[in-house]
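Just below is one structure, and these are the notes that go with it.
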Amino acid sequence: MYTLLPAHQIALRVAELGRTIGEAYRGKPLTILGVLNGSVIMVADLMRSIEVPHRIGFVHASSYAGKTTESGSLSVGLNLMPDIEGRDVLLVDDIFDTGKTLVRLLDELRTYRPASIRTAVLLWKQGRSVVETTPDYFGFQIPNAFVVGYGLDYDDDYRHLPNIAVLEQCDLD
Ligand code: IMP
Ligand code: MG
């Protein structure tokens, strides 16, 4: 395991993203929707640098069934979601990999008639997307490696790491 992005670099970039997002949503009814579980740290950091009033809520999506680094079937849960009708929604996730999770969530959320929906992710993994959509806001483009930390897990571990680290084959054995 080795560090790809140290904590201080993540902090600087997330603060910068927050300022950009705050300016874009000035005077608008912003609701941030975090995708559980991976986005919790990103949402907590991001919201503190968005200097316009906004609400938060969460939706659930899990694409990895258990101890694997390959996409399994996707399950989505919207039972924790606040009312988003007429609101400007920013959907926040930890990483954009194949893009399937965000596209599926965007489709579902549109049926609740928000005024607008954009997406923000900390990481955008390159060379993996299978969808037309791209994230509206992203922290870092990263190479195609399996990463953990800052909310991202492997088999539900490592989410607490303050940095983003690459898991190597020897870590998985
Ligand atoms: P997508 O649907 O393929 O874009 O996958 C998005 C979801 O897969 C994210 O919310 C993560 O939970 C998970 N994921 C994708 N790549 C990684 C990774 O490198 N480390 C940990 N989780 C990942
Ligand atoms: Mg996730």
Side-chain angles (χ1 to χ4, degrees), residues 1-7 9-11 13-14 17-18 21 31-47 56-81 84 89-112 117-173:
M1 188 153 70
Y2 62 91
T3 296
L4 184 65
L5 297 165
Q9 201 179 332
I10 300 170
R13 182 67 182 128
V14 171
L17 268 184
I21 290 166
T31 297
I32 290 178
L33 282 186
V35 183
L36 293 173
N37 293 332
S39 74
V40 283
I41 299 177
M42 173 74 168
V43 168
D45 283 346
L46 192 63
M47 65 187 291
I56 64 159
F58 289 94
V59 295
H60 184 261
S62 51
S63 56
Y64 292 144
K67 194 174 175 179
T68 166
T69 58
E70 286 304 313
S71 256
S73 60
L74 182 64
S75 80
V76 162
L78 302 181
N79 51 320
L80 293 175
M81 185 175 73
I84 57 167
V89 171
L90 184 67
L91 184 61
V92 176
D93 204 357
D94 48 9
I95 190 166
F96 188 100
D97 181 23
T98 66
K100 285 182 187 171
T101 304
L102 285 186
V103 163
R104 166 78 184 280
L105 283 169
L106 286 171
D107 283 347
E108 303 246 2
L109 295 181
R110 284 195 185 100
T111 68
Y112 293 81
I117 316 186
R118 287 184 193 160
T119 58
V121 293
L122 178 70
L123 305 175
W124 185 3
K125 211 187 272 191
Q126 298 301 289
R128 289 272 300 164
S129 180
V130 298
V131 299
E132 297 282 313
T133 310
T134 55
D136 296 298
Y137 301 97
F138 65 91
F140 303 93
Q141 293 182 320
I142 63 162
N144 181 10
F146 195 81
V147 290
V148 294
Y150 199 79
L152 289 137
D153 73 301
Y154 171 67
D155 194 22
D156 255 333
D157 285 330
Y158 305 108
R159 292 194 201 274
H160 66 285
L161 297 178
N163 54 316
I164 295 284
V166 173
L167 268 198
E168 297 170 284
Q169 190 53 49
C170 54
D171 301 309
L172 304 178
D173 295 336

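When a ligand or atom number is given, it counts from 1 through the structure's own listing order.
In this structure R118 satisfies the salt bridge (Lys or Arg N to Asp or Glu O under 4.0 Å) test with no other residue, sequence neighbours excluded. Taking D157 as the reference, nothing meets the salt bridge (Lys or Arg N to Asp or Glu O under 4.0 Å) condition, with sequence neighbours excluded.
Atom numbering of ligand 1 starts at 1 in the shown order; those under 4.0 Å from a heavy atom of D93 are 10 (O). Listed by number with element, the atoms of ligand 1 under 4.0 Å from a non-hydrogen atom of L152 are 20 (N), 21 (C), 22 (N). For ligand 1 and T98, the ligand atoms under 4.0 Å from any heavy atom of the residue are 1 (P), 2 (O), 3 (O), 4 (O). Numbered from 1 in the order shown, with element, the atoms of ligand 1 that lie under 4.0 Å from a heavy atom of A145 read 19 (O). Within ligand 1, the atoms closer than 4.0 Å to a non-hydrogen atom of K125 are 16 (N), 17 (C), 18 (C), 19 (O), numbered from 1 in the order shown.
Of all the heavy atoms of R128, none lies under 4.0 Å from any atom of ligand 1, so neither backbone nor side chain is involved.
By the 4.5 Å heavy-atom criterion applied to side chains, L123 and L5 are counted as neighbours. Within the 4.5 Å cutoff, the side chain of F58 has heavy atoms near those of the V43 side chain. Residues L109 and M81 are in side-chain contact: their nearest non-hydrogen atoms beyond the backbone lie under 4.5 Å apart.
In terms of N/O distances under 3.5 Å, ligand 1 is approached by G99.
The heavy atom nearest to atom 20 (N) of ligand 1, considering only D153, V147, V130, L102, is found in V147. Residue nearest to atom 10 (O) of ligand 1, selected from T101, D94, V103: D94 (by heavy-atom distance).
Here the side chain of K125 pairs no donor or acceptor atom with the backbone of T98 at under 3.5 angstrom. When atom types are taken as modelled, the side chain of T31 and the backbone of V89 share no donor-acceptor pair closer than 3.5 angstrom.
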